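Input: one structure, supplied below.
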Amino acid sequence: MRFTDTQRLLERNVAPLGGMSRIFRNLHLDGPLLGGLIAICCFGLVVLYSAVSGSRDLWVQQLIRLGVGLLALLFVAQLPPDLMRRWTPWGYLLGLGLLSLVLIRGDIGQGAQRWLDIGIRFQPSEIMKLAVPMMAAWYLHDRQLPPRFAQLLLIGALIVVPAYMIAVQPDLGTALLIAAAGVIVVVLAGMSYRLMIGLAIAAIPGAIVLWNFMQDYQRQRVLTLLDPDSDPLGAGYNIIQSKIAIGSGGLFGKGWTNGSQSQLEFLPERDTDFIFAVLAEEFGLLGVLSLLILYMFVVARGMYIASQAGDTFSRLIAGSISLTFFVYVFVNTAMVSGLVPVVGVPLPLVSFGGTSMVTLMAGFGILMSIHSHRKLLPH
Amino acid sequence: MSLLSPIKDHYSERRLFVSRVLLSIVVGTLLLGVVVARLVQLQIIEYEHFAEQAQGNRLRIQAIPPTRGLIFDRNGRVLAENVPTYQLELIPEQVPDIDDTLRRLDELGLIDEEDIPRIKQASREGPRFKPVTLRFRLQEEEIANFAIRRPRFPGVDFQPRLVRHYPHGEYTAHAVGYVGAISVEDLKRLDEAAYAGTVHTGKTGAELANEDSLHGDPGYRQIVTNARGREVAVDTRDPSNAIPEGELPVPGLNVYLSIDLDLQVVATDLLRGKRGSVVAIDPNNGEVLALVSSPSFDPNVFPLGMTRTEFNALQFNLDQPLFNRAVRGTYPPGSTIKPMLSLAALETGATNLTRRTLCRGFYTLPGSTHRYRDWRPEGHGEVDLHDAIAESCDVYFYEISRDIGIEAMHDYLTRFGLGSTSGIDISGEMHGLVPSREWKRQAFRERADQVWFPGETVIASIGQGYMLATPLQLANSTATLAMRGHRFRPRLAVAIEEPVSGERRLLPPHALPDVGIENEFYWESVLGAMHDVLQGETGTARATGRGAPYTMAGKSGTAQVFSVAQEAEYEEEEVEERLRDHALFIAFAPVEEPKIAVAVVIENGSSGSRIAAPIARAIMDKYLGY
């Protein structure tokens with residue numbers, strides 16, 4: 001490498017880049033990732049418009065949430081990864097504290113308790129979606145990888161404690177996703193294949209324990225998945241109607257706002273968890289594949305950012321956020337098309353919903369921060 | 001950080017990371033492949049199946065109920081029709097405050113306070129867009145009264161609809177019957193698909209018996225509904241929204257009954273204030289000319305629905321207005337069976353026309369002191385068969401009863417149709433009872449009770465004891481007498497008319513096997529004696545037959561409601577009204593060429609010849625045009 005090249009590389013911040021690129025760089029944003037996210041959001045808004053049957057209020061509400069999410073992204077992107085890493089334990093402890101608060105409140109009130117009212121209604125489990133993988137990455141940051149077994153046990157505890165607290169709210173779906181985010185960090189950190197296979201085998205008795213731990217409605221969901229026709233008007237109704245919606249969409253779909261399953265209210269929760277079925281019905285397989293390609297682009301860009309990251313923490317957290325995003329997409333689409341039980345996971349960036357949108361965007365803000373703050377280290 | 005901790009090897013760490021990224025790419029691709037494969041399966045391979053299911057979801061068949069056929073009497077006068085009425089309805093989702101709305105409607109007198117809990121329940125339980133009926137029939141002034149206040153009652157409105165109406169009300173209630181709301185019981189019998197949009201079904205009488213003809217076939221239209229069944233508007237110009245054609249309903253057939261409305265009215269009025277029944281039959285074909293059960297009721301309350309109080313008033317009325325005495329009331333036939341028994345006795349040789357018996361007012365079986373009384377305590381003197389019928393001498397029949405025997409009695413009375421249902425097209429008919437040895441063996445559990453006693457034959461000969469008959473059976477057996485043994489199944493429906501084309505199909509009479517008594521002379525003798533009951537010098541009902549411009553024949557009967565103890569004097573005035581004897585009379589006219597046979601039963605009427613016979617006469621007069 002000649003000096004001038006090195007010089008230019010080091011001076012990249014001030015290098016004569018294109019105007020647009022300079023704006024992105026100054027705002028610590030990543031153009032391709034942002035483009036992918038905005039494309040998904042736009043697609044989502046189009047589908048949502050149909051899913052809420054043209055209710056302008058709900059649609060505008062979603063638009064506002066997207067705006068707030070983008071602001072969160074922009075804000076997080078300005079925070080250097082080092083700063084975030086140093087704050088991570090405090091964020092994790094804050095999340096645990098809020099979760100305890102929810103549990104205590106839940107004991108006083110009755111039934112499901114997921115919300116905290118602090119001016120706006122807010123679910124502490126959302127903090128944990130980012131705090132758990134960040135905590136795991138923080139712990140592994142300055143340790144030699146691959147992690148040793150004892151370290152894995154400690155990380156396991158860091159993951160299981162909040163996941164358990166969320167599972168008893170009860171919100172099994174979110175608990176599993178948070179655990180998955182943590183586990184992804186460990187896998188990316190280089191947990192041995194032997195241990196992974198061992199854990200997979202251990203998961204069988206674990207599943208039995210989990211079954212006993214489930215609420216009746218959750219067991220019902222699993223049983224219904226295996227045979228939806230056993231209860232066509234009860235628990236199986238959602239899956240049956242959703243399969244009809246998807247299947248009847250065919251290759252090209254019935255056309256925007258023309259889905260009979262969606263528009264005539266046969267499809268339940270069509271603006272939230274089952275919005276994927278609306279998309280499939282109205283835009284057909286081609287529409288679905290288009291959205292999946294956008295999602296995969298975002299995941300791929302995220303993984304690229306992770307692979308370019310300069311330090312362990314950044315690398316692990318970027319990889320975890322990207323892969324967790326993939327898990328969301330997979331679980332939601334698999335659930336709506338009847339492959340896995342209905343666990344209440346929204347389709348990211350498309351489903352109507354509040355705090356999860358902000359959390360997602362904040363996660364992508366971390367990715368952008370990692371990408372834009374990276375130091376050029378010699379290999 | 002401890003100095004002893006190993007130094008991080010960034011290069012190998014990165015390599016490890018890249019291998020893990022590759023792992024996740026492999027796993028991710030597999031998972032994504034599963035989802036895509038699933039989508040291809042649903043959207044491409046099974047597309048047809050799901051497309052059909054989606055269409056089935058979207059379209060709902062809405063039945064259009066047919067218009068019920070009309071019912072006419074034999075002269076084409078309407079007995080049952082469909083009239084437009086206005087009903088008050090409430091659509092729950094459009095009513096801001098149901099409690100307040102109902103309270104204000106109650107203040108206006110538009111709804112019944114009793115109905116409020118029912119309305120509230122209905123509006124809570126049904127779909128919120130489905131109208132709940134508040135009141136069935138609104139009067140003209142009520143419609144006007146509500147119309148000016150309508151703006152103050154959002155979600156409440158009146159709707160026109162056809163309701164069954166019986167213009168002659170109580171006069172035809174038991175013959176025509178009525179329709180009412182379809183019950184769970186009805187649904188076991190009815191084809192649910194055919195009744196999908198129908199609210200009412202025939203409950204009794206001709207309405208029930210001719211349900212298949214009257215109902216018609218429902219039409220349907222296909223509507224687009226949402227998941228909760230609410231009809232939604234679609235843009236039908238878009239071919240993908242095209243709704244398949246429906247089908248118009250086929251109206252029910254009109255039914256003509258053999259009932260003569262004038263006769264029915266006369267008979268009903270004659271029975272007013274009494275409990276009893278009149279059945280008149282055309283002996284030539286079994287057509288029922290009049291079928292009256294008294295007291296009657298207004299059948300119009302059934303299609304409109306009524307409050308529980310109103311229903312209980314009908315249901316638990318001591319006089320049982322809903323009870324169709326004509327086909328369900330069973331009474332001891334008393335002396336009205338004497339003509340039939342006479343024929344049996346002649347045919348079996350148990351007696352002959354010249355046999356004479358001295359009637360001293362009672363009869364004792366050989367070797368017994370029990371006295372079987374004659375209705376006339378002083379006796380009839382010496383009587384032959386003719387006198388025994390005309391004057392209704394019980395002793396004569398007591399005597400010949402032993403020669404006939406219970407088995408032959410049972411045989412011949414059965415041939416006249418007693419003891420079994422007549423097969424009339426009204427449901428719920430009772431079969432009455434003609435006792436026999438066999439019957440008694442079956443009917444009693446105790447061995448001692450199963451034995452047939454000679455005394456039971458004696459009282460059976462005057463239609464007492466176990467014997468029971470319905471007014472319809474009595475009328476039909478009288479028609480058989482009038483026809484010298486030719487029998488027909490009694491019936492109400494005589495013609496079915498297609499309402500649009502006016503094409504009419506006559507229902508042929510249904511002849512039954514003859515009684516099987518061939519000797520003309522026997523018939524003439526017995527019928528002659530029956531003629532003298534009314535128009536002879538000593539007949540029990542000669543006061544009734546006096547001055548008639550046509551010939552008639554009849555027989556009175558007085559049936560004991562309870563047994564009079566031996567030696568006790570029968571004091572009519574002292575017996576409580578409901579314990580008095582039933583009064584019966586059977587008659588037909590003209591004797592030579594019978595046109596009408598009639599049976600009259602007046603519960604606790606005391607005397608067949610004094611109370612029931614004039615009613616029979618009045619009915620025959622009316623029918624024969626005098």
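All values derive from a computational prediction rather than experimental measurement. Proteins get letters first, then strands, A, B, ... in listed order; numbering begins at 1 in each.
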* **Heavy-atom proximity to chain B below 4.5 Å, by part of A:P268** =>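 When you check distances to chain B, no heavy atom of A:P268 falls under 4.5 Å.
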* Name, in order of residue number, those residues of residues 95-104 of chain B that have a heavy atom at a distance of less than 4.5 Å from a heavy atom in chain A; otherwise write 'none'. =>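 Within residues 95-104 of chain B, near chain A: nothing under 4.5 Å.
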* Asked: Under a 4.5 Å cut-off applied to non-hydrogen side-chain atoms, are A:V187 and B:S24 in contact?
  ->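 No. Closest side-chain heavy atoms not under 4.5 Å.
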* Asked: Is the OH atom of B:Y86 crowded by more than 12 outside heavy atoms at less than 6.0 Å?
  ->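 Count not over threshold, so no.
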* Asked: So with a 6.0 Å cut-off around CD of B:E48, is the heavy-atom count from everything else above 12?
  ->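 At most 12 heavy atoms, drawn from other residues, nucleotides or ligands, come within 6.0 Å of this atom.
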* Does A:V329 reach the side chain of B:V35, with side-chain heavy atoms less than 4.5 Å apart? ->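 Heavy-atom side-chain distance check fails, nothing below 4.5 Å.
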* Enclosure of A:R194 CZ (heavy-atom neighbours >12, cutoff 6.0 Å) ->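 No, because the 6.0 Å sphere around CZ of A:R194 holds 12 heavy atoms or fewer from other groups.
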* May I ask you to check whether over 12 heavy atoms, not counting those of A:F149, lie within 6.0 Å of atom CZ? =>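 At most 12 heavy atoms, drawn from other residues, nucleotides or ligands, come within 6.0 Å of this atom.
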* Under a 4.5 Å heavy-atom cut-off, does chain B meet the side chain of A:Y295, its backbone, both or neither? ->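 Neither; nothing under 4.5 Å.
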* Side chain, backbone, both or neither: which part of A:L289 has a heavy atom under 4.5 Å from chain B? ->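 The side chain, not the backbone.
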* Is B:R14 reaching over with its side chain to a backbone N or O of A:S307, donor-acceptor style, under 3.5 angstrom? ->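 Yes: the side chain of B:R14 pairs with the backbone of A:S307.
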* To do: Sequence neighbours left out, what passes salt bridge (charged side-chain N to carboxylate O under 4.0 Å, His left out) with A:R301? Give chain and number order.
  =>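 Residues passing salt bridge (charged side-chain N to carboxylate O under 4.0 Å, His left out) with A:R301: A:D30.
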* **B:I44, part contacting chain A, at a heavy-atom distance under 4.5 Å** =>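 The answer is the side chain of B:I44.
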* Interface residue of largest heavy-atom contact number with chain A, from B:V40, B:L39, B:I45, under 4.5 Å ->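 Most heavy-atom pairs under 4.5 Å with chain A: B:L39.
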* Does the side chain of B:Q53 come within less than 4.5 Å of A:K243's, by heavy atoms? ->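 Side-chain contact under 4.5 Å: no.
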* chain B contact via A:F276 - which portion, at a heavy-atom distance below 4.5 Å ->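 Just its side chain gets close to chain B.
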* **Donor-acceptor contact below 3.5 Å, side chain B:R20 vs main chain A:V185** =>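 No: the side chain of B:R20 does not pair with the backbone of A:V185.
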* Evaluate whether atom CD of B:E52 has more than 12 neighbouring non-hydrogen atoms of other residues, nucleotides or ligands under 6.0 angstrom away. =>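 Result for CD/B:E52: open.
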* Under 4.5 Å between any side-chain heavy atoms of B:V27 and A:F326, yes or no? ->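 No, their side chains stay 4.5 Å or more apart.
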* Taking only residues two or more places apart in sequence or in another chain, which ones pass ring pair (Phe, Tyr, Trp, His ring centres under 6.0 Å) with A:F313? ->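 Partners of A:F313 under the ring pair (Phe, Tyr, Trp, His ring centres under 6.0 Å) test: none.
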* **Pairing residues for A:A277 by the side-chain contact (heavy atoms from CB on, under 4.5 Å) criterion, not counting sequence neighbours** =>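 Checked A:A277 against side-chain contact (heavy atoms from CB on, under 4.5 Å); matches are A:S242, A:A245, A:I246, A:L267, A:V336.
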* Is a side-chain N or O of B:R38 found less than 3.5 angstrom from the main chain of A:S337, in a donor-acceptor match? ->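 Here the side-chain-to-backbone pair exists.
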* Under 4.5 Å from any heavy atom of chain A - which part of B:L23 ->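 Interface part for B:L23: side chain.
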* Asked: Which region of A:L251, side chain (C-beta onward) or backbone (N, CA, C, O), has a non-hydrogen atom less than 4.5 Å from a non-hydrogen atom of chain B, or is it both or neither?
  ->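 The answer is both parts of A:L251.
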* Asked: Is there a donor-acceptor contact under 3.5 Å from the side chain of B:Q43 to the main chain of A:A280?
  ->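 Yes, the answer is positive, given that a donor and an acceptor are paired below the 3.5 Å cut-off.
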* State, with a plain yes or no, whether a side-chain heavy atom of A:F330 is found less than 4.5 Å away from one of B:L32. =>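 SC-SC contact between A:F330 and B:L32 ruled out.
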* Asked: In Å and rounded to the nearest 0.5 Å, what is the CD to OG distance from B:Q55 to A:S248?
  ->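 Reported to 0.5 Å precision, the distance equals 10.0 Å.
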